[in-house]
Amino acid sequence: LGDIEILVVMGVMEKIKEIEAEMARTQKNKATNYHLGTLKAKLARLRNELFVEQSGGGGGGGGEGFDVARNGDARVALIGFPSVGKSTLLGALTSTESEAAAYEFTTLTCIPGVLRYKGSKIQVLDLPGIIEGAAHGAGRGKEVIAVARSADAILIVLDAGKEGLNRHREILEKELETVGIRLNQRPPDVTVSKRKAGGGVRFSSTTPQTKLGEDPEKLVTQILREYKITSADVLAREEITVDQLVDVIQGNREYKPCLYLYNKIDTITIEEVDQLARMPHSIVGSVNQKFNIGEPLEDDLLKQELWSYLGLTRVYTKRKGSPPDLAEPVILSEIRKGTTVKSLCANVSTQLLRDFNYALVWGMSAKHSPQRCGLSHQLDDQDVVQIVSKTIKQQQQDKNYTSLAQHYQDKHAKKRLEAKKKKQQRLRG
């Protein structure tokens with residue numbers, strides 16, 4: 001950052017501190033609800049400006065050692081404070097060797113590994129430990145968080161022995177929330193439609209809005225003005241908070257499933273283990289003692305929970321008159337493309353999707369076996385699917401059939417010409 005950019009960042013940070021101090025001084029009641037809502041909107045806008053300013057306007061780059069190609073059926077990012085056992089966990093999940101030692105900040109770059117489970121390939125990324133203030137760049141925090149935004153799910157690794165005193169879970173949640181990553185939440189059912197013409201802000205809701213104060217429309221109008229939106233239609237189909245409305249307006253939030261792993265439970269009492277295990281979205285374990293975390297090819301509780309949080313589904317395909325191919329399932333992801341028949345066709349080939357007629361489905365998602373289904377049918381884990389393509393007569397009725405036939409003819413002619421040229425070159429040589 002240049003001198004001018006540093007001054008701008010310092011000015012924004014001062015404003016953020018002032019607003020946070022004012023929010024801390026203000027009592028929370030019905031009378032102050034409108035004022036607090038306005039302050040929250042200003043705070044979210046300033047934090048977004050600060051994040052964009054520090055990341056060079058692009059939302060955070062990968063940085064040296066953090067540019068890892070995305071591959072596999074899903075991607076999981078390991079996030080946690082230094083020396084909580086992330087590198088050891090990566091080795092237990094993927095057989096990838098990541099330097100592990102008793103001192104902090106052993107891992108300085110992003111180390112990828114591949115977890116093979118139920119026929120799927122899950123990319124696991126071991127990231128450097130982050131510290132408080134990572135959202136503003138402390139300890140390579142920007143690079144770590146940029147990688148986290150690209151992951152399908154986040155696995156937060158915590159030291160069970162230190163959690164009671166240090167509140168690491170709370171700090172990590174706050175750091176990720178500051179940069180727009182929402183953990184174990186779904187996007188709110190709110191629509192903000194901007195209008196070119198005047199008319200102000202019109203707010204309507206299908207449910208009572210008890211969290212937006214006595215006059216929700218007044219508060220929504222003021223929040224939109226903070227983002228220089230003076231003419232819009234806002235429709236809420238569920239009860240929302242000020243923070244959720246701000247998330248919809250900014251439109252750059254990432255909603256990630258997150259699993260919390262309390263490692264090193266062999267260092268605490270059974271009562272403390274029981275307390276941690278009852279925390280939401282949490283499991284307890286020990287990499288060194290093999291509690292709930294086995295060898296890379298073994299089935300264990302951690303792998304089962306990751307599979308569930310990633311929303312992965314195995315689908316077996318079959319040809320007409322042949323048994324299903326149980327050796328290589330097609331892995332569909334609820335987070336990426338969905339788990340419908342259409343997603344299956346797109347995963348196999350675009351031509352299969354274009355020539356799709358109907359599908360025959362055997363398994364838990366079928367009401368009877370086989371069930372004739374369309375593209376929108378939702379598939380369950382271990383379903384067997386046979387895709388039936390259109391006949392030549394059905395394809396000829398398609399309005400794009402002529403152009404497709406011409407395309408194939410041109411492609412075939414090009415291949416024949418290339419083969420002829422190669423043959424002539426061999427004869428001359």
Looking at [atom1] of [X] and [atom2] of [Y], how far apart are the two atoms once the value is rounded to the nearest 0.5 Å?
{"X": "L235", "Y": "T206", "atom1": "CG", "atom2": "OG1", "result": "6.5 Å"}
{"X": "L259", "Y": "I156", "atom1": "CG", "atom2": "CD1", "result": "9.5 Å"}
{"X": "I181", "Y": "R149", "atom1": "CD1", "atom2": "CZ", "result": "5.5 Å"}
{"X": "L310", "Y": "L312", "atom1": "CG", "atom2": "CG", "result": "5.0 Å"}
{"X": "D355", "Y": "T350", "atom1": "CG", "atom2": "OG1", "result": "9.5 Å"}
{"X": "Q185", "Y": "C258", "atom1": "CD", "atom2": "SG", "result": "11.0 Å"}

Residues, nucleotides or ligands: over 12 heavy atoms within 6.0 Å of [X] [atom1]:
{"X": "Q275", "atom1": "CD", "value": "no"}
{"X": "K303", "atom1": "NZ", "value": "yes"}
{"X": "K342", "atom1": "NZ", "value": "no"}

Could you pull out the closest heavy-atom pair between [X] and [Y], with the gap in Å?
{"X": "Y255", "Y": "P188", "result": "OH-CD, 3.4 Å"}
{"X": "A160", "Y": "L276", "result": "CB-CD1, 3.8 Å"}
{"X": "L127", "Y": "C110", "result": "CD2-SG, 3.6 Å"}
{"X": "C345", "Y": "I387", "result": "SG-CD1, 3.9 Å"}
{"X": "L183", "Y": "E173", "result": "CD1-CG, 4.1 Å"}
{"X": "L352", "Y": "S389", "result": "CD1-OG, 4.2 Å"}

- Any salt bridge between K86 and D126, counting N to O under 4.0 Å? no
- Query: Charged N to carboxylate O below 4.0 Å: is that the case for K121 and D73?
  - Reply: no
Could I get the full list of salt bridge (Lys or Arg N to Asp or Glu O under 4.0 Å) partners for [X], not counting sequence neighbours?
{"X": "K40", "result": "none"}
{"X": "E20", "result": "R47"}
{"X": "D189", "result": "R237"}
{"X": "R116", "result": "none"}

Is there a side-chain contact between [X] and [Y] (heavy atoms, below 4.5 Å)?
{"X": "V384", "Y": "P324", "answer": "yes"}
{"X": "K390", "Y": "F356", "answer": "no"}
{"X": "L302", "Y": "L93", "answer": "yes"}
{"X": "Q123", "Y": "V76", "answer": "no"}
{"X": "N347", "Y": "V315", "answer": "no"}
{"X": "D380", "Y": "T313", "answer": "no"}
{"X": "L301", "Y": "I293", "answer": "no"}
{"X": "T191", "Y": "V234", "answer": "no"}

- Message: Set out, in order, the CA-CA distance, both residues' side-chain angles and the distance that settles side chain to side chain contact (heavy atoms under 4.5 Å, CB included) for V84 and L158, then state yes or no.
- Response: CA-CA 6 Å; V84 294; L158 301 160; 5.9 Å; no
- Task: Just grab all the side-chain hydrogen bond (donor to acceptor under 3.5 Å, both in side chains) pairs involving residues 277-298, residues at least two apart or on different chains.
- Result: R169-S282, D266-S286, D274-R278, H281-Y309, K290-E295
- Task: Just grab all the side-chain hydrogen bond (donor to acceptor under 3.5 Å, both in side chains) pairs involving residues 319-329, residues at least two apart or on different chains.
- Result: none
- Task: Ignoring hydrogens and angles, state whether a donor on the side chain of R225 or T230 is under 3.5 Å from an acceptor on the partner side chain.
- Result: no
- Query: Do T339 and Q378 have a side chain donor and acceptor closer than 3.5 Å?
  - Reply: yes
- Query: Looking at residues at least two apart in the chain, or sitting in another chain, which of them share a side chain to side chain contact (heavy atoms under 4.5 Å, CB included) with T391?
  - Reply: K393, Q394
- Item | Set of residues satisfying side chain to side chain contact (heavy atoms under 4.5 Å, CB included) with respect to I229, sequence neighbours excluded | K194, L224, Y227, A232, I249
Please output the side-chain donor-acceptor pairs of residues 407-416 that fall under 3.5 Å, not counting sequence neighbours, one pair per line with the distance.
unit_1, atom_1, unit_2, atom_2, d
Y408, OH, R354, NH2, 2.7
D410, OD1, Q406, NE2, 3.0

- Item | Residues Y260, M279; criterion side chain to side chain contact (heavy atoms under 4.5 Å, CB included); working and verdict | CA-CA 9 Å; Y260 300 85; M279 297 283 284; over 6 Å; no
- R202 and D233: salt bridge (Lys or Arg N to Asp or Glu O under 4.0 Å), yes or no, with the steps? CA-CA 5 Å; R202 290 200 295 260; D233 291 320; 3.2 Å; yes
- Going through the distances and angles, do V124 and V114 end up as a side chain to side chain contact (heavy atoms under 4.5 Å, CB included)? CA-CA 6 Å; V124 183; V114 177; over 6 Å; no
- Begin from the C-alpha positions of L89 and L78 and carry the test side chain to side chain contact (heavy atoms under 4.5 Å, CB included) through to its verdict. CA-CA 9 Å; L89 177 62; L78 302 183; 4.2 Å; yes
List the atom pairs, donor and acceptor, that lie under 3.5 Å between side-chain atoms in residues 358-368 and the rest of the protein, sequence neighbours left out.
unit_1, atom_1, unit_2, atom_2, d
S365, OG, H377, NE2, 3.0
S365, OG, D383, OD2, 2.4
H368, ND1, P370, O, 3.2

- Item | Check against salt bridge (Lys or Arg N to Asp or Glu O under 4.0 Å), D159 and K264 | CA-CA 6 Å; D159 189 333; K264 304 181 184 180; 3.7 Å; yes
- Message: Which residues pass the ring-ring contact (aromatic ring centres under 6.0 Å, His included) test with Y117, not counting sequence neighbours?
- Response: W307
Let me have the donor-acceptor pairs involving side chains of residues 241-248, under 3.5 Å, with sequence neighbours excluded, atom names and distances please.
unit_1, atom_1, unit_2, atom_2, d
T241, OG1, Q244, N, 3.3
Q244, OE1, T241, N, 3.0
D247, OD1, R182, NH2, 2.9
D247, OD1, R253, NE, 2.8
D247, OD2, R182, NE, 2.9

- Would you say the side-chain atoms of Q209 pair up with the backbone N or O of I240, donor to acceptor, closer than 3.5 Å? yes
- Side-chain (S205) to main-chain (P208) donor-acceptor, under 3.5 angstrom: no
